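Notes for the one structure printed next.
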Amino acid sequence: MFRPAITGTGVFTPPNVITNAELVTAFNAYADRVNAENAPAIAAGEMEPMQHSSEEFIVKASGIENRYVMDKTGVLDPAVMHPLLRQRDDDEPGIMTEMAVDAAKRALEQAGKTAADVDAVICAASNLERAYPAVAIEIQQALGIEGFAFDMNVACSSATFGIQAAADMVRSGSIRSALVVNPEICSAHLEWRDRDCHFIFGDVATATLIERIEDAKGPHFEILSTRCATQFSNNIRNNNGFLRRSRPDGMKDRRDMQFMQNGRKVFKEVLPMVSQHIADHMAAEGVANTDLKRLWLHQANKTMNDFIGKKVLGREPEPGEQPNILQDYANTSSAGSIIAFSQNSDDLTEGDLGLICSFGAGYSVGSVIVRRHMS
Ligand code: COA
C-alpha cells in the first residue's frame, strides 16, 4: 500500500464580481417589471406580487457579500436573469474545461509537477455541461495527460468524494497520481428570479493533485483517512436532465429545472448529519478535537459553519481556525472547501492535523483528514 498526499491545489477565480448591492438592484428591477406586467391579475387578487430582496437579509441569512461569475451581464439584466455564455464550437475547449485547466495548472505548479507526472483526471462537480464525452477526458487532453479520466457528480460533496476515489487508487497502486478538478458554473443552474435563493451561488474551479507521498517535492498534506456518506433527500433538487423533452411540459420555463431547496429543512437535517459524521470519522482515526489545527468546511452558509465548527471543536473556533471564504465567493458547491483549504493552509507546520469536509445535496457528506509535512 502507498501513502497518498495532496501535493498541490489551485483555484481559478472568474473575472466578474457581483456585489449584493448589484444583485439586489437587478432582482428588484425584475420584480417591479413582473409586477407591472401582471398588474391586473395582482389587483384582482389572482396573483401575489413579487417581493423585493434585501442586502441586509442576504448578509444576515448567509454571510455572503459577493460572488464571482463567468458572465454578469445576463444575470444583472432584468430582462434576462441568467448568465449569457457564448456558443462554443465542438472543436474548442468547453467552458468547464477552460476553468478546470486554469485551476489544474496552478495545482501542478504548486506541486512542481507537469502533465507527464499525472496518471488520471477526475472531474468532480455538481453540474456537467453535457452528457458525453466526459468533461474530464477533454480536460485530460487539454493538459496533455496520458492514462484515463472520468466525471463524477455528488453535488456539493463532489470534491471530497473525488479525493477519496483518487487517494484510494494511489493507495492501492493502480495509479501514481491524480488530478481532481471541480469546475463549478453554479450561476447557470441558480434561479436568479427567486429571492429565496438568488444570492446563494457563485462560479469557480478548484484542482487538487494527489500523489504518492514519496513523490512530493515540497510541503504537502498526507491524506490520513477519508470517509463518505449519503442519505437520500429531496430537499435540494434539480430536475433538469435528458428526459426533459419526453415529459409533458418538460420544455417549459419550469422552476424545477433550476436549483431548488427547502433551506430550513436542509439547515435542520444536514447540520446534525455533518457534525456526527465528522465526530465519528475523527473518533475512528483516534483524532481528538484538541489535535485539530484547522477545519476547512463546505462554504454554503456562515451560521451553518459556525455551528459545525463549534460542535467539532467543542468550543468557539478561534479566528482563522475554521476559515470562511463564502463572504467573497458565495456557495461554490463542491469547490468551496477546497478554496478554503487552498487559501488557508500554507501556515500549518510539520505534523499539524486538519480536516476538509464538504456536504450538500443527496444528502451527501465527505471528510478528509490530513497531516502537514514540510518536506
Ligand atoms: N430578501 C428579503 N427577504 C427574504 C429573502 C430575500 N432575498 N429571501 C427570503 N426572504 C424572507 C422569506 O420570505 C421569509 O419571510 P417570512 O418569514 O415572511 O416567510 C424570511 O425572509 C425568512 O426566510 P427563510 O427562507 O426562512 O430564511 P432563512 O433564515 O432560513 O435563510 C437560507 C435562508 C437559504 C439562507 C437558509 O435556510 C440556509 O442557508 N439553508 C441551507 C443552505 C444550504 O446549505 N443549502 C445547500 C446548498 S449546498
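All values below come from the heavy atoms of this structure, side chains included, with hydrogens, waters and symmetry mates left out. All of these numbers come straight from a predicted model, not from anything done at the bench. Read the numbers this way: they start at 1 and go in the same order the structure lists the ligands and their atoms.
Inspection of the Arg67 and Asn331 side chains reveals no N or O donor paired with an N or O acceptor under 3.5 Å. In this model, no donor atom of one side chain and acceptor atom of the other lie less than 3.5 Å apart for Asp119 and Ser177. Residues Ser157 and Ser364 bring a donor and an acceptor atom of their side chains to less than 3.5 Å of each other. Side-chain polar atoms of Thr206 and Asn182 form a donor-acceptor pair below 3.5 angstrom. For Gln322 and Arg294, the side-chain atoms include no donor-acceptor pair closer than 3.5 Å. Between the side chains of Tyr363 and Glu269, at least one donor N or O sits under 3.5 Å from an acceptor N or O. Looking only at atom types and distance, the side chain of Ser367 has a donor-acceptor partner in the side chain of His281 under 3.5 Å away.
Shown in contact with Met304 at under 4.0 Å from a heavy atom are these atoms of ligand 1, numbered in order with element: 44 (O). Listed by atom number, the atoms of ligand 1 under 4.0 Å from Asn331 heavy atoms are 47 (C), 48 (S). Shown in contact with Cys156 at under 4.0 Å from a heavy atom are these atoms of ligand 1, numbered in order with element: 48 (S). Residue Ala300 has at least one heavy-atom neighbour below 4.0 Å for each of these atoms of ligand 1: 44 (O). Listed by number with element, the atoms of ligand 1 under 4.0 Å from a non-hydrogen atom of Ala61 are 31 (O), 35 (C).
Taking the side chain as every heavy atom from C-beta outward, Leu128 and Met96 approach each other to under 4.5 Å. Leu179 is not listed as a side-chain neighbour of Thr208, based on a closest heavy-atom distance of 4.5 Å or more. The shortest side-chain heavy-atom distance between Cys156 and Ser358 does not fall under the 4.5 Å cut-off.
Under the 4.5 Å side-chain heavy-atom criterion for grouping Ile, Leu, Val, Met, Phe, Trp and Tyr, Val365 is connected to Met304 within one hydrophobic cluster.
With a 4.0 Å heavy-atom cut-off, ligand 1 is reached by the side chain of Ile236 but not by its N, CA, C or O. Here Ser53 has heavy atoms under 4.0 Å from ligand 1 in both its backbone and its side chain. Counting heavy atoms closer than 4.0 Å to ligand 1, residue Thr303 contributes nothing at all.
In this structure, His298 has a heavy atom closer than 4.0 Å to ligand 1. By the 4.0 Å heavy-atom criterion, Ser62 is excluded from the residues contacting ligand 1.
Shown here, atom 18 (O) of ligand 1 is out of close reach of the protein: none of its heavy atoms lies under 4.0 Å off. Atom 27 (O) of ligand 1 is approached by the protein to below 4.0 angstrom, counting heavy atoms only. Atom 7 (N) of ligand 1 lies below 4.0 Å from at least one non-hydrogen atom of the protein. Protein heavy atoms are found less than 4.0 angstrom from atom 37 (O) of ligand 1. Atom 47 (C) of ligand 1 lies below 4.0 Å from at least one non-hydrogen atom of the protein.
Between Ala155 and Ser126, the shortest heavy-atom contact is C-OG, 3.1 Å.
Summary of contacts: the protein heavy atom closest to atom 30 (O) of ligand 1 is Arg264 NE, 2.7 Å. Nearest to atom 45 (N) of ligand 1 among the protein's heavy atoms is Gln261 OE1, 2.7 Å. Among protein heavy atoms, the minimum distance from atom 41 (C) of ligand 1 is reached at Gly263 O, 3.7 Å. Of the protein's non-hydrogen atoms, the one nearest atom 32 (C) of ligand 1 is Asn301 ND2, 4.6 Å. Nearest protein heavy-atom neighbour of atom 14 (C) of ligand 1: Arg195 NH2, 4.8 Å. Closest to atom 1 (N) of ligand 1, if we only count protein heavy atoms, is Ser54 N, 3.2 Å. Ranking the protein heavy atoms by distance from atom 9 (C) of ligand 1 puts Asp196 OD1, 3.1 Å first.
Among His220, Lys113, Arg176, the single residue meeting the side chain to side chain donor-acceptor pair (under 3.5 Å) criterion with Glu211 is Lys113.
Checking only distances, Phe57 never comes within under 3.5 Å of ligand 1, N or O to N or O. The shortest N or O to N or O distance between His52 and ligand 1 is not below 3.5 Å.
Classification of Asp306 and Lys311 as a salt-bridged pair fails, no side-chain N sitting under 4.0 Å from a carboxylate O.
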